[in-house]
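Worksheet for the structure shown next.
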Amino acid sequence: MFKIVSKKILNPTVMEMDIDAPLIAKKAEPGQFIILRVDDDGERIPLTVAGFDREAGTVKIIFQIVGATTEILSHKNEGDYIQDFVGPLGIPTETDGIQNVCVVGGGVGCAIAFPVTQKLFKLGKNVTSIIGFRSKDLIILEDEFKSNSNEFYLMTDDGSAGQMGNVCVPLEKILSSGKKFDKIIAIGPLVMMKFVVQTAKKYNIPCTVSMNPIMIDGTGMCGCCRLTVGGKIKFACVDGPDFNGYEVDFDEAIQRNKMYQEFEKKAREETCNLFKAEVK
Amino acid sequence: MPTIPNMKMNKNDMKVQDPSVRAHNFDEVALGYDEATAIDEAKRCLNCINSPCVQGCPVKIHIPAFIQKVRECDFEGAYQIIANSSNLPAVCGRVCPQETQCEQKCVRGIKGEPVGIGRLERFVADWHSSHSTEKERCAEPNGHRVAVIGSGPSGLTCAGDLAKKGYSVTIFEALHTAGGVLVYGIPEFRLPKAIVQKEIDKLIGMGVEIKTNVIIGKTLTIDELFADGYEAVFIGSGAGLPNFMGIPGEQLNGVYSANEFLTRSNLMKAYKEKMVTPIMKGGKVAVVGGGNVAMDAARTALRLGAEKVYIVYRRSMEELPARKEEVHHAEEEGIEFKLLCNPVEIIGYKNENDKNDPKNGFVRAIKCIKMELGEPDERGRRKPIPIAGSEFELEVDTVVMSIGTSPNPLIKSTTIGLETNSRGGIIIEENTGKTTKDRVYAGGDAVTGAATVISAMGAGKLAGQAIDEFLMKKI
């Protein structure tokens, strides 16, 4: 059992938790993920590490409530326990040899983009960060990004905060002005990453993306998280989750992520109804 | 007081659930012998002096001796003899391929059927489990610590053998439940999970500590285990990533590896009502492959409510590697074998008029080509050759690829000095399980790639002996 040391509501659908997991906190690096199971009958879900405190022995997770499991998890409180918490899994984000970097985060993906942003900024690298959300209410980690970047752009789809537009708008502008990056790191919805890669390609800038496909064991056994990268089958849990964005078949990944959409929707509705019934 | 052996040519049948009933439930298929049948079967054993059957057993159970005890109605005595050699009798009695091991060597099999050794082992283990009240005992501690990675058949065997000798053993398991393939791979109807749990509880009773949710190679490294005071390490991390054929359409929704399909159903219990882990149920299912895992996947699909299940295998029934009993059970349950067929493409739905059709991107059919058998290859297996122009489509909703796995890559990638072969298997000395890294031993699928439960147990046993010899010499 793993204790929830703290819980914070970041926006109406996104939550942050620090979990007491000293072994994982000791090893975790930006870009890696954990797998958790809330209770004994729960499913295993992967969540990318959003931070860690090696001394306190805690690992930070930030998650959006999208399905039954995240719904149940969101009802847990400080001091409660979750059944299983295992990691760190996957290969850490490669940061060697980077001087000038642009980190692009979208929605809850910003939670995953932040640790690497912070790491690179602390190493004295030149960091440009662009973060985007649908609207003002959904913004997370704005101050954190701002204070860990040399240049910072906030975008919203509806213009309710920052500038109006998607993350590719400022990216295109910066790149067309002639600015070069050693690398662009994009983390967010698949569609966003697909378009960031297209923009990066146009200017011949290497682009790393963080993939978050459906997983079960997460340890290189079941093969559920397979993707096509450079024409070959790759497994996000052991070969990733970071991949060269130029090589990822995004359309296929988008299709595969829809596999259980209907099931998930129904499962979440049922779970919500259960919680509502409890409140009554 | 030797009595006249029972010279009946055939084994006593074991009761099974009716095929039409069991095809719709996850309860165990085989129901086991009762006492009278077990004694009658035991009387078929000739108690041969040279015991050829023992040579066929990877863990060298004293088979004639335990059968003798059954004959004498001393079932607990029979159990103790088995338990001396095997840590998982109730498991082996159910899933061992006895027909290619102990029973293949049985003298009675020369003329007629061999003694039903597997059925007797199962009977004895189950009798013990429901009658014995004796608690497991911890051996006198010898002060040495050994780490075992993975709680599948090889790890459990190695841990059990060392614990019996007084070692303090910790098993590190990556998943949330101990048991490895016995829990995530083999389905409930062939190996009830309660039985696996009982065997594991026995080991815990013997003092073995099991730490779940620890991934060696990630959470901790092997060198950290040594730094923590463990004196030797056994790697039994099991099979890893599933193989795919590399044909078009394998990334469509509705295509599973057997590992994923079985893990969802077994480990995550998707077969039960109201579980949050989803799985595709119903419709038509094609399972590609001919091994035991393919049979498990096909029969699981059937029980999940499939209206039709096909096994697609590129050779003929004669070459099909699954156990005959499993094939027989599958056929009885109505699974259709499409033999001498090889998939060339998986075809998906594509509604050109409606891009939002929810069926888009899901499997619609599997295209196969008929095969014929050519000359035997160097291993003596006849090579399947495609018959040009014989392609045909099978309409299916789900495809399960069950064509083998490659060893788990996690430990290899984080352990300096641990060498693997071109297929990713850990390189070991055959007789000891010793790897290229000092004080590190390995066995099971992590070494060989996908094989059987009992061969993994044999490897765990061998390594346990080698670790014991090494640590005793050290003093």
Side-chain angles (χ1 to χ4, degrees), chain A residues 2 21 23-24 26-27 32 35-38 40-45 67-69 72 83-91 214 216-228 232-233 235 237-239 249 251-264 266-268 270-271, chain B residues 173-177 180-181 184-185 211-215 217-221 224 237-244 246 250-264 267-270 272 274-280 348 358 360-362 401 405-411 413:
Chain A
F2 297 80
L23 287 179
I24 305 172
K26 202 173 140 194
K27 288 284 168 65
Q32 290 188 296
I35 294 247
L36 67 80
R37 220 167 53 119
V38 183
D40 224 0
D41 285 335
E43 64 179 335
R44 294 170 67 92
I45 60 161
T69 299
I72 298 165
Q83 184 73 32
D84 302 294
F85 196 81
V86 59
L89 288 151
I91 299 164
I214 303 169
I216 309 176
D217 70 299
T219 63
M221 184 273 283
C222 81
C224 176
C225 64
R226 64 189 187 273
L227 305 158
T228 301
K232 293 200 179 91
I233 290 185
F235 299 95
C237 68
V238 289
D239 299 323
D249 184 338
D251 293 338
E252 181 191 282
I254 290 168
Q255 183 61 51
R256 280 185 65 75
N257 261 16
K258 289 183 188 158
M259 174 118 176
Y260 297 108
Q261 223 167 36
E262 286 301 306
F263 183 98
E264 276 300 329
K266 214 171 133 232
R268 190 184 164 199
E270 280 170 11
T271 313
Chain B
E173 169 56 49
L175 293 175
H176 55 263
T177 307
V181 72
Y184 75 71
K211 288 189 175 171
T212 53
N213 292 325
V214 182
I215 304 167
K218 288 287 180 186
T219 319
L220 293 170
T221 63
E224 283 173 309
S237 53
L241 294 165
N243 298 335
F244 288 89
E250 276 182 310
Q251 304 290 72
L252 286 166
N253 292 350
V255 181
Y256 292 93
S257 74
N259 273 7
E260 179 188 349
F261 191 70
L262 291 170
T263 299
R264 283 181 182 274
L267 177 74
M268 306 312 297
K269 308 204 173 3
K272 289 189 179 169
K274 303 231 157 137
M275 293 302 286
V276 282
T277 299
I279 194 164
M280 281 182 69
N360 282 342
F362 279 78
M401 287 292 173
T405 59
S406 53
N408 194 305
L410 277 187
I411 292 179
S413 60

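Labels below follow one simple rule: chain letters A, B, ... track the order of the sequence lines, proteins then strands, and each chain is numbered from 1. What you see is a predicted model, and the numbers here were worked out from it, not measured in a lab.
In this structure, the portions of B/Leu220 lying under 4.5 Å from any heavy atom of chain A include both its backbone and its side chain. For a residue to count as touching a neighbouring chain, one of its non-hydrogen atoms must lie under 4.5 Å from one of that chain's; by this rule B/Thr219 touches chain A with backbone and side chain alike. Of the two parts of B/Lys269, neither the backbone nor the side chain holds a non-hydrogen atom closer than 4.5 Å to a non-hydrogen atom of chain A. In this structure, the portion of A/Gln83 lying under 4.5 Å from any heavy atom of chain B is its backbone and not its side chain. For A/Lys26, the part sitting under 4.5 Å from any heavy atom of chain B is the side chain, from C-beta outward, and nothing else. With a threshold of 4.5 angstrom between heavy atoms, B/Ala239 approaches chain A through N, CA, C or O but not through any side-chain atom. With a threshold of 4.5 angstrom between heavy atoms, B/Leu410 approaches chain A through side-chain atoms but not through N, CA, C or O.
Atom OG1 of A/Thr219 sits about 10.0 Å away from atom CD1 of B/Ile411, to the nearest 0.5 Å. With rounding to the nearest 0.5 Å, the separation of CG in A/Asp84 from OG1 in B/Thr177 is 7.5 Å. Between the SG atom of A/Cys224 and the OH atom of B/Tyr256 there is a distance of 8.0 Å, given to the nearest 0.5 Å. Rounding to the nearest 0.5 Å gives a distance of 7.5 Å between CD1 of A/Ile216 and OG1 of B/Thr277.
Under the 3.5 Å distance criterion, the side-chain polar atoms of A/Arg256 are matched with a main-chain donor or acceptor of B/Gln251. Here the side chain of B/Lys218 pairs no donor or acceptor atom with the backbone of A/Lys27 at under 3.5 angstrom. Side chain of B/Asn253 to main chain of A/Gln255: a donor-acceptor pair is present (N/O by atom type, distance under 3.5 Å, no hydrogens or angles). Between the B/Ser257 side chain and the A/Gly223 main chain, no donor and acceptor come within less than 3.5 Å of each other.
Side-chain atoms of B/His176 and A/Ile35, non-hydrogen and from C-beta on, never get closer than 4.5 Å to each other. Within the 4.5 Å cutoff, no side-chain heavy atoms of B/Glu260 are placed close to those of A/Asp217.
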_Criterion side-chain contact (heavy atoms from CB on, under 4.5 Å) on B/Val214 and A/Val86, from CA distance to verdict_ = CA-CA 7 Å; B/Val214 182; A/Val86 59; over 6 Å; no
*Give the intermediate values and the outcome of side-chain contact (heavy atoms from CB on, under 4.5 Å) for residues A/Met221 and B/Leu241.*
CA-CA 5 Å; A/Met221 184 273 283; B/Leu241 294 165; over 6 Å; no
_Set out, in order, the CA-CA distance, both residues' side-chain angles and the distance that settles side-chain contact (heavy atoms from CB on, under 4.5 Å) for B/Val255 and A/Arg226, then state yes or no._
CA-CA 11 Å; B/Val255 181; A/Arg226 64 189 187 273; 3.7 Å; yes
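Listed options A/Phe235, A/Phe2, A/Tyr260 were ranked by heavy-atom pairs under 4.5 angstrom with chain B; first place goes to A/Tyr260. In terms of heavy-atom pairs under 4.5 angstrom with chain B, the leader among A/Thr228, A/Ile45, A/Thr69 is A/Thr228. Taking chain A as the reference chain and counting heavy-atom pairs below 4.5 Å, the highest number among B/Pro242, B/Gly246, B/Pro358 is found for B/Pro242. Between chain B and the residues A/Gly87, A/Ala68, A/Gly67, the largest count of heavy-atom pairs under 4.5 Å involves A/Gly87.
For the side chain to side chain donor-acceptor pair (under 3.5 Å) test, residues two or more places apart in sequence or in another chain that qualify with B/Thr221 are B/Glu224. Every residue was checked against the ring-ring contact (aromatic ring centres under 6.0 Å, His included) condition with B/Tyr184, not counting sequence neighbours, and none meets it.
In this structure, A/Glu43 and B/Met268 approach most closely via the heavy-atom pair CA-CE, 3.7 Å.
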